[in-house]
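First the structure, in the form of structure tokens, and then the observations on it.
Per chain, numbering begins at 1; letters A, B, ... match sequence-line order. The figures that follow rest on heavy atoms only: side chains count, while hydrogens, waters and symmetry mates do not.
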Protein chains: 2
Amino acid sequence: MTDHPSANLQISAAPGGDSKPAKPDEFVEALAKGISILESFDAANPEMTLSEIARKVGYSPAAARRSLITLMALGYVGQTNKRFHLRPKIMALSSGFYYSAQIDEVLQPHLRELVAKFGDASSVGTLEQRDVIYIAHNSVQRARRAAAVVGARYPACATSLGRVLLAGLSDGELDRYFDGLVIEPLTSKTIVDPVQLREEIEQVRRDGYSTTVDQLDYGITALAVPIRALDGRTIAALNTSGYSGMVDADFLIANRLPELRATASRIANALTRYPMLVSIIGS
Amino acid sequence: MTDHPSANLQISAAPGGDSKPAKPDEFVEALAKGISILESFDAANPEMTLSEIARKVGYSPAAARRSLITLMALGYVGQTNKRFHLRPKIMALSSGFYYSAQIDEVLQPHLRELVAKFGDASSVGTLEQRDVIYIAHNSVQRARRAAAVVGARYPACATSLGRVLLAGLSDGELDRYFDGLVIEPLTSKTIVDPVQLREEIEQVRRDGYSTTVDQLDYGITALAVPIRALDGRTIAALNTSGYSGMVDADFLIANRLPELRATASRIANALTRYPMLVSIIGS
DNA sequence: GGAAATATTTTCGGTATGCGAAAAAAGGAC
DNA sequence: GTCCTTTTTTCGCATACCGAAAATATTTCC
């Protein structure tokens, strides 16, 4: 129970064998535990019993219970009968980040523009460990399910945004990404072979864009390009996506790539006026 | 440092004098501390130094530092030079709530409809302690600054949503809300007198709607109505808002109230098909 | 530039605090 | 009714967290 899932991509060069995460020795276990319980709620498990939670996070029922009681007292978790669930207050945490970083003001206008021009959907995402996190999103009405909601988190390797972001890593960082990577397929088309993924990422580096078809889920086809800081570092990625069948990869490249790139560079340009946002988004 | 801001409106009938929050005796202090540090980041303080944070939350620098180190290891907090800030991963926590509760699917269509009809903006909010939390929002081309972003948290007394939600409390709960309440004005028009606020809320109870002008911030005029469960309990509130000058309270009441109420009842109706959402949103 | 003030990091010993095992109590299944 | 699972409580132990204070670094201001 002493190993933390935090992989700390950037910290510790960690040459080879000893792959222990080398946690900083001042570390509040109880805090990490409580947060990992918050993390354990997801789309697949919106409400769970105590024992389910304890099993999922790997703590004793007693410990899980203590954390849950605390989280309930704080208003982040609720309980109906024997099942626990997150409460709306959890969203207030993210709002602190959200508009402190002025994400909406800076990004939404550009996303709206893209969606107005091409329809479908457009998102901006950033890399967090091995996942891509969507920090802004815009889409046309098109209900069905909201595939990408702000704050959504998906394996980087299975999304166009993620592959562009991975392509933007240094070789060393990329090596660390692949170190011990196991990809579980989300669709039958998901690339699961690390070697193949690496080739794909090298290709993205050459092309400067990435397309994915049915990688994250069936029906999603997307095209992404990097958003680069002045120094060339990839700090985020921008995509446009539609439903497979309505669009395909070649269509996106032919019709949307130039405008997507132009928008990415406009965003990059706008970001120079928000240095804090850059430092927050970039690791 | 032993009193927690959690007021626990629902727990403990607490007849009179003894107003100690009566925290459950199993309570993980370290977890609460760490989370209160996450909470300390807001629009006014997007990045802070260690000592600023320690002062703001009232812990020793050493303790604050331990929590921050932990939160950094977990990826929720970052640091540039001497200043700490939230990282995008914080949004992933809320996404667990957000689409686990299927909020988008259920609420957005109705909000879109309202915005399509009236323009301006429309939101759904719920009560959390003394604050209203925006759980869904839709607006036309985001003018000026993004006033209400999902997850935003404002004093209930200063918003139309909040007053409707307060009006939906039982007398006992309302008493507890007012107990020790101090309202700090956000504009020169903000109601700060508890007696006056209570009268206003009584009026909202009679009317079944609430209007606010320049209460939360200059330029915001809003009209809100309750969303009621089958048993009559107010579980959320729905509003429509525009810029003062473009619209005024009477205009909203005359032109939008009927449709707003109709939408509220359509939402209430839709919610019956999502019992979990009701139990999550309702306290 | 140097001195004073402030902020950050580290150390350290004590104790409150969180820990898990195990027992007790409460539900559920059949 | 009995068995099995889950939840809650108890309890003694170990340690993880604590704050004060010293040591170091950084900033401020003259």
Side-chain angles (χ1 to χ4, degrees), chain A residues 1-6 11-12 20-38 40-41 45-74 76-85 279, chain B residues 1-4 6 8 11-12 20-38 40-41 45-74 76-85 279:
Chain A
M1 78 217 49
T2 37
D3 58 357
H4 312 287
S6 56
I11 303 175
S12 82
K20 205 166 293 176
K23 77 176 167 187
D25 70 278
E26 278 168 316
F27 190 92
V28 186
E29 304 275 355
L31 172 55
K33 285 195 183 184
I35 288 183
S36 82
I37 285 184
L38 289 180
S40 74
F41 293 92
N45 304 87
E47 49 175 21
M48 296 180 281
T49 68
L50 171 61
S51 49
E52 285 174 326
I53 293 171
R55 220 176 300 122
K56 195 154 184 238
V57 298
Y59 308 142
S60 73
R65 185 168 172 273
R66 279 187 290 266
S67 287
L68 283 166
I69 286 175
T70 305
L71 293 169
M72 285 180 65
L74 297 177
Y76 291 101
V77 167
Q79 183 182 21
T80 49
N81 301 322
K82 296 294 182 179
R83 312 186 77 82
F84 296 89
H85 55 79
S279 80
Chain B
M1 81 215 46
T2 38
D3 59 357
H4 311 288
S6 55
N8 285 336
I11 302 176
S12 82
K20 205 166 290 174
K23 78 177 168 189
D25 71 275
E26 278 167 314
F27 189 92
V28 186
E29 303 275 356
L31 173 53
K33 285 195 183 183
I35 287 184
S36 82
I37 285 184
L38 289 180
S40 74
F41 294 93
N45 304 86
E47 49 175 21
M48 296 179 282
T49 67
L50 171 61
S51 47
E52 285 173 328
I53 293 170
R55 219 176 301 120
K56 195 156 184 236
V57 298
Y59 308 143
S60 72
R65 185 168 173 273
R66 281 187 288 265
S67 287
L68 283 166
I69 286 175
T70 305
L71 292 170
M72 286 181 66
L74 297 177
Y76 291 101
V77 167
Q79 185 182 20
T80 49
N81 301 321
K82 296 293 182 179
R83 312 187 77 81
F84 296 89
H85 55 79
S279 79

If you find the nucleotide of DNA chain D closest to B:A62 and the one closest to A:L50, which residue's nucleotide is nearer the 5' end? A:L50

With DNA chain D as reference, determine whether A:V28 or A:R66 sits nearer its 5' end, using the nearest nucleotide of each.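 With A:V28 and A:R66 compared, the 5'-side residue is A:R66.
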
Measure from [atom1] on [X] to [atom2] on [N] and round the result to the nearest Å.
X	N	atom1	atom2	answer
A:E26	C:dC12	CD	C1'	12 Å
A:I53	D:dT5	CD1	C1'	17 Å
B:E29	C:dT15	CD	C1'	14 Å
B:N81	C:dT9	CG	P	12 Å
B:L31	C:dA16	CG	C1'	17 Å
A:Y59	C:dG18	OH	C1'	13 Å
B:L68	C:dT9	CG	P	10 Å
B:E52	D:dT27	CD	P	13 Å

[X] side chain N/O closer than 4.0 Å to the phosphate oxygens (OP1, OP2) of [N]?
X	N	answer
B:K33	C:dG18	no
B:S51	C:dT8	yes
B:T49	C:dT8	yes
A:R65	D:dT8	yes
A:R55	D:dT6	yes

Side-chain contact, heavy-atom cut-off 4.5 Å: B:L38 with B:V77?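 With C-beta onward as the side chain, the pair touches.
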
Which value, rounded to the nearest 0.5 Å, describes the distance between B:E52 atom CD and B:N45 atom CG? 7.5 Å

To the nearest 0.5 Å, what is the distance between CD1 on B:I35 and CD1 on A:I35?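 Reported value, rounded in 0.5 Å steps: 5.5 Å.
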
Results of salt bridge (Lys or Arg N to Asp or Glu O under 4.0 Å) for A:R66 - residues two or more places apart only: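 Per chain and number, A:R66 pairs via salt bridge (Lys or Arg N to Asp or Glu O under 4.0 Å) with no residue.
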
Do A:Y59 and A:S67 meet the criterion of a side-chain donor-acceptor pair at a distance under 3.5 Å? no

Proximal nucleotide (of C:dC19, D:dT8, D:dC17) relative to the A:K82 side chain: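 Taking heavy atoms from C-beta onward, the closest nucleotide is D:dT8.
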
